[in-house]
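One structure below.
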Amino acid sequence: MGVSVVVASGKGGVGKTSVVAGLSSCLAALGCKTVCVDGDAGLRNLDLALGLQEQAVFDFNDVLLGRAALKDALVSRPDIPKLQLLAAPAHTPASAIDRTAFSALIATLAESNDFVLVDCTAGLDTGFALAAGACTGAIVVTTPNQMALRDSARCAERLADHEPAKLIVNRVQPRLVRLRHAFNIDEAMDTVGLPLLGIVPEDEMVSAAQNHNIPLVLAGRKGAGSALCNIAERMMGRECPIPRRLREWKVEG
Ligand SMILES: Nc1ncnc2c1ncn2[C@@H]1O[C@H](COP(=O)(O)OP(=O)(O)O)[C@@H](O)[C@H]1O
Ligand SMILES: [Mg+2]
C-alpha cells in the first residue's frame, strides 16, 4: 500500500506541475513504483512536462466514465519504466468530475503503487477540493515571495485534516535572499506554518527540459534536478540532509 499526496499551492505558477513531474520521475528513477495524476482538469500540462503528450490518449475522466480501462489510460516512458502518468481531461472542468469516484480511483492507484502524486489546480475551489479530497498526504509548493507565501498559508490551513503537510520552497535565488528581495527559508516556513521538505533553486534547466519534453531527472542530477531527487529520497524515508549551501540560505546575508 503506497501513499497518495496532493501537490498544492493556492497561487498559480509557483511550480506545482514542475515539482510533480520532477519528483515523480526521481521517485521512479530511485526504484519506487510511482503514478502521477494530473488533477488540473481543463488546463492539463503534466503530460507535456513528462514528454507523454502523444501517449496520453485517455484521461482519468475516461476511466471514471467507463470509456477507457485504467491500464490503457496509464502511460509511461521506456526510459523511466516505474513512472506512469494519468492525464487530466483537456476540456472537462473539475466541477463536472465525480469527486467520490475520483477519490476511489486514487485509492485504487495507491494500493498498487508506492507513491501517487496528484498535481493540483491553482486556487482553493473545486479543483483543489477534488485533488485534496482524494489524497491522504499533502505537499504545499511556494516561491519565496509574499503573495505566494500568503496563499500557501491559506492552502496549508485547508490541508489540516491531511497527514501533516510539508513545504517545498521553489525557485529560490540566494542572491535575492541576500539582498532581502526574497524571503529566506525560515521566514517562508513561519509564514506558511509547515515543516520544510525541501528547497529547489531557480534553474533554467526546468523550463528548458520542459520545452524539450524531457523529465528533469534525465537531464542530470544537478541544480533543481538534484534538489528534487533529494526530496524524493526524504519521501522514501532516507536520511538526506539539505546540502550546506542550501541550508545557509536560511541565514540572512
Ligand atoms: N525551480 C525552477 N526554476 C526555474 N523555473 C521554474 C522552476 N520551477 C518552475 N519553473 C517554471 O515556472 C513556470 C510555472 O511552473 P509550473 O510548474 O507550470 O507552475 P504551476 O503548476 O504551479 O502553475 C514554468 O515555466 C516552469 O518552467
Ligand atoms: Mg500546474
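Both ligands and their constituent atoms are indexed starting at 1 by order of listing. Hydrogens, waters and symmetry mates are skipped; everything else that's a heavy atom, side chains included, is used. Count residues from 1 along the sequence.
Close N/O approach between Ser18 and ligand 1 is found [any backbone or side-chain N/O within under 3.5 Å]. The shortest N/O to N/O separation between Glu204 and ligand 1 does not fall below 3.5 Å. Ligand 1 has an N or O atom lying under 3.5 Å from an N or O atom of Arg171, backbone or side chain. An N or O contact shorter than 3.5 Å links Asp203 to ligand 1 by distance. Where the criterion is an N or O separation shorter than 3.5 Å, residue side chain and backbone included, Val19 fails it with respect to ligand 1.
Remark: minimum distance from atom 19 (O) of ligand 1 to any protein heavy atom is reached at Gly15 N, 3.0 Å. If you check which protein heavy atom lies closest to atom 18 (O) of ligand 1, you get Thr17 CB, 4.1 Å.
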Run the numbers on Leu167 and Met189 for side-chain contact (heavy atoms from CB on, under 4.5 Å), then give the verdict.
-> CA-CA 7 Å; Leu167 182 67; Met189 285 192 290; 4.2 Å; yes
Given Asp47 and Leu85, is the side-chain contact (heavy atoms from CB on, under 4.5 Å) satisfied, shown in steps?
-> CA-CA 7 Å; Asp47 54 329; Leu85 164 75; 3.7 Å; yes
Start with the C-alpha distance between Ile139 and Met235, add both sets of side-chain angles, then the distance that settles side-chain contact (heavy atoms from CB on, under 4.5 Å), and finish with yes or no.
-> CA-CA 11 Å; Ile139 292 173; Met235 289 174 72; 4.1 Å; yes
From CA spacing to verdict: side chain to side chain donor-acceptor pair (under 3.5 Å), Thr121, Asp40 | CA-CA 5 Å; Thr121 50; Asp40 209 343; 5.0 Å; no
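Residue contacts with ligand 1: Ala21 is excluded, as none of its non-hydrogen atoms falls under 4.0 Å.
Under the 4.5 Å side-chain criterion, counting only non-hydrogen atoms from C-beta, Leu218 is in contact with Asp79.
Side chain of Asp72 to main chain of Ala68: no donor-acceptor pair is present (N/O by atom type, distance under 3.5 Å, no hydrogens or angles). With hydrogens and angles disregarded, a donor-acceptor distance shorter than 3.5 Å links the side chain of Arg158 to the backbone of Leu124.
By the side-chain contact (heavy atoms from CB on, under 4.5 Å) test, Asn61 pairs with Asp59, Leu64, Leu65, Arg67, Pro89, Thr92, Ile97, sequence neighbours left out.
Of all atoms in ligand 1, numbered sequentially from 1 with element shown, those under 4.0 Å from a heavy atom of Glu202 are 3 (N), 4 (C). Heavy-atom proximity to Lys16, at under 4.0 Å, picks out these atoms of ligand 1: 17 (O), 19 (O), 20 (P), 21 (O), 22 (O), 23 (O). Interface atoms of ligand 1 facing Val14, defined by a heavy-atom separation under 4.0 Å, are 19 (O), 22 (O). If you number the atoms of ligand 1 from 1 as listed, the ones under 4.0 Å from a heavy atom of Gly13 come out as 14 (C), 19 (O), 20 (P), 22 (O), 23 (O). Per-residue contacts place Ser207 under 4.0 angstrom from the following atoms of ligand 1 (heavy atoms of the residue considered): 27 (O). Residue contact check: Asn170 has heavy atoms under 4.0 Å from atoms 1 (N), 2 (C), 7 (C), 8 (N), 9 (C) of ligand 1.
Closest to atom 25 (O) of ligand 1 by heavy atom, among Gln210, Lys11, Met205, is Gln210.
Looking at every heavy atom in both residues, Pro215 comes nearest to Ser25 through CB-OG, 3.6 Å. When all heavy atoms are compared, the tightest approach of Ala188 to Val169 is CB-CG2, 4.0 Å.
Of the heavy atoms in Pro201, only backbone atoms (N, CA, C, O) come closer than 4.0 Å to ligand 1.
Checking Val37, Asp38, Val7 one by one against Val20, the side-chain contact (heavy atoms from CB on, under 4.5 Å) holds for a single residue, Val7.
Listing protein N, O or S atoms at distances below 2.8 Å from the Mg ion (ligand 2), with waters left out, gives Thr17 OG1.
Crowding of Gln146 atom CD: a count of heavy atoms from other residues, nucleotides or ligands under 6.0 Å not exceeding 12.
Looking at Gln84 and Thr34, their side chains never bring a donor and an acceptor atom within 3.5 Å of each other.
Rounding to the nearest 0.5 Å gives a distance of 12.0 Å between CD1 of Ile168 and NZ of Lys16.
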